[in-house]
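Written out below as structure tokens is the structure these notes cover.
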2 protein chains.
Amino acid sequence: MTTNPGSAAGPQGAPRPAKHGGVAFLLAQLGAHATELFAQRIAALDLTPPQAGLLRMLAATPGRSQRELADDLGMPPSRFVPFADGLEQRGLIERRRNAEDRRLYALHLTDQGFALLGELAGVAVAHEQQVCGALSEQERGQLLGLLRRVAEEQGLTPGVHTGFRSLRGK
Amino acid sequence: MTTNPGSAAGPQGAPRPAKHGGVAFLLAQLGAHATELFAQRIAALDLTPPQAGLLRMLAATPGRSQRELADDLGMPPSRFVPFADGLEQRGLIERRRNAEDRRLYALHLTDQGFALLGELAGVAVAHEQQVCGALSEQERGQLLGLLRRVAEEQGLTPGVHTGFRSLRGK
DNA sequence: TATTGTTATACTCTATAACTATA
DNA sequence: TATAGTTATAGAGTATAACAATA
């Protein structure tokens, strides 16, 4: 179809400069940016975003099964295995057998895991500062409130997100 | 979980429950979420987020070289080639030779490309509504203002983001 | 010699689907 | 029979680097 339809903003008329983006676009853009900055920071701890995510999740609710955790992280169980292996070999997490149902593992942080999580918290603070540098303390609170409302309404689980598509730091 | 072995709360004291996230974390979480919803919507147009991104970029500033565009999209030139091929074969964009420097192509939208961009605009509106459903009109404006300030201070180019890591819609 | 676009290739990542052990 | 974890494997996606044409 060459003749076409549609919108007039074509070859001739001034095409809307694809306005530079509404809230949704800015969220996507800033989200990717924040994720990238965070990935760079935690690379110093030899961690990737999904690894940091698992450590946080295990601190929040220890003893969960691999399948549950894999689901929360948005990865298939088969991928979770080598993913957890890496952290276990580094002594950051450990797999304990569940006595009641011996098919399941119960994953826990080790002392080393908790220690690293502590460092991670420090990094997160610096990261937050860097990202929010443009805003006053008050505005930061305002933004936080709005984002929380949106996140809740969208049905997102606090503290976890399945958006870490790649396992590599970047 | 039953026995709940060991301390649920870390080696000793209660570890901060990895608080559910500051501004930076929420941006990452919501950004990934918004990107996913958008990808699902434009799949109906047989487009992926980076493809939609290129169409927008070509509407905003036509005639740019492949290398420039590839850089903006965060992909190596070698990956841009088959990426552009797909859109060209669908008649959405066209490669014109640059008379001044014949090494370069000048990429442009075709009429079909403009038409599809029009449809895309409609989708974007619906997407914005869905993501901002929790907020009043006023709050939406407030959020938009805050996000723009952050984006600007972070040095992000309006309208483009390199965060589309994968070529597939998802 | 440097740069744009292209192709070739090797490598990583990923999902799917078998396989085991428990239930 | 169904489920958690694991392993194997084939396919897709990716970057690196060589190449051709132009500057």
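Below, each value reflects all heavy atoms present in this structure, side chains not excepted, and no hydrogens, waters or symmetry copies. Chain letters run A, B, ... following the sequence lines, proteins first and then strands; every chain starts at 1.
- In this structure, B:Tyr105 has no ring-ring contact (aromatic ring centres under 6.0 Å, His included) partners at least two apart in sequence or on a different chain.
- For the pair B:Leu73/B:Phe83, a side-chain contact is recorded, criterion being any heavy-atom separation below 4.5 Å from C-beta on.
- Comparing atom distances between the B:Pro76 side chain and each of D:dT6, D:dA4, D:dA15 picks out D:dA15 as nearest.
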Distance-only check: which donor-acceptor pairs under 3.5 Å involve side-chain atoms of residues 117-128 of chain A, not counting sequence neighbours?
from: A:Glu128; atom 1: OE1; to: B:Val23; atom 2: N; distance (Å): 3.3
from: A:Glu128; atom 1: OE1; to: B:Ala24; atom 2: N; distance (Å): 2.9
from: A:Glu128; atom 1: OE2; to: B:Val23; atom 2: N; distance (Å): 2.8

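- Atom pair B:Met75:CE and C:dG5:C1' shows a separation of 15 Å (rounding to whole Å applied).
- The distance between atom CZ of A:Arg67 and atom P of D:dA2, rounded to the nearest whole Å, is 14 Å.
- Atom CZ in A:Arg96 sits about 19 Å away from atom C1' in D:dG5, given to the nearest Å.
- If you measure from atom CZ of A:Arg64 to atom C1' of D:dA4, you get 15 Å, rounded to the nearest angstrom.
- Between B:Arg95 and the phosphate of C:dT6, there is a side-chain N or O to OP1/OP2 separation shorter than 4.0 Å.
- Taking atom CZ of residue A:Phe83 and atom P of nucleotide D:dT6, one finds them 14 Å apart after rounding to whole Å.
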Task: Summary of protein contacts for nucleotides 18-23 of chain D, nucleotide by nucleotide, where a base hit scores B, a sugar-phosphate-only hit scores S (4.0 Å, heavy atoms) - done: ----BS
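- Here A:Arg79 reaches the OP1 or OP2 of C:dA15: one of its side-chain N or O atoms lies under 4.0 Å away.
- Applying the side chain to side chain contact (heavy atoms under 4.5 Å, CB included) criterion to A:Asp46, with sequence neighbours excluded, gives A:Arg90.
- You'll find a donor-acceptor pair under 3.5 Å spanning the side chain of B:Ser78 and the base of D:dT16, going by distance alone.
- Residues B:Leu26 and A:Leu144 are in side-chain contact: their nearest non-hydrogen atoms beyond the backbone lie under 4.5 Å apart.
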Return a table of donor-acceptor pairs under 3.5 angstrom between the side chains of residues 57-65 of chain B and protein atoms on other chains or two or more places apart.
from: B:Thr61; atom 1: OG1; to: B:Met57; atom 2: O; distance (Å): 3.4
from: B:Arg64; atom 1: NH2; to: B:Asp72; atom 2: OD2; distance (Å): 2.6
from: B:Ser65; atom 1: OG; to: B:Glu68; atom 2: N; distance (Å): 3.3

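- Rounded to an integer number of Å, the gap from A:Arg97 CZ to D:dT6 P is 7 Å.
- No contact: A:Phe80 has no heavy atom under 4.0 Å from any strand.
- C:dG5 atom P lies 13 Å from atom CD of B:Glu88, rounded to whole Å.
- Residues in residues 42-71 of chain B take part in no ring-ring contact (aromatic ring centres under 6.0 Å, His included) pair, two or more places apart or across chains.
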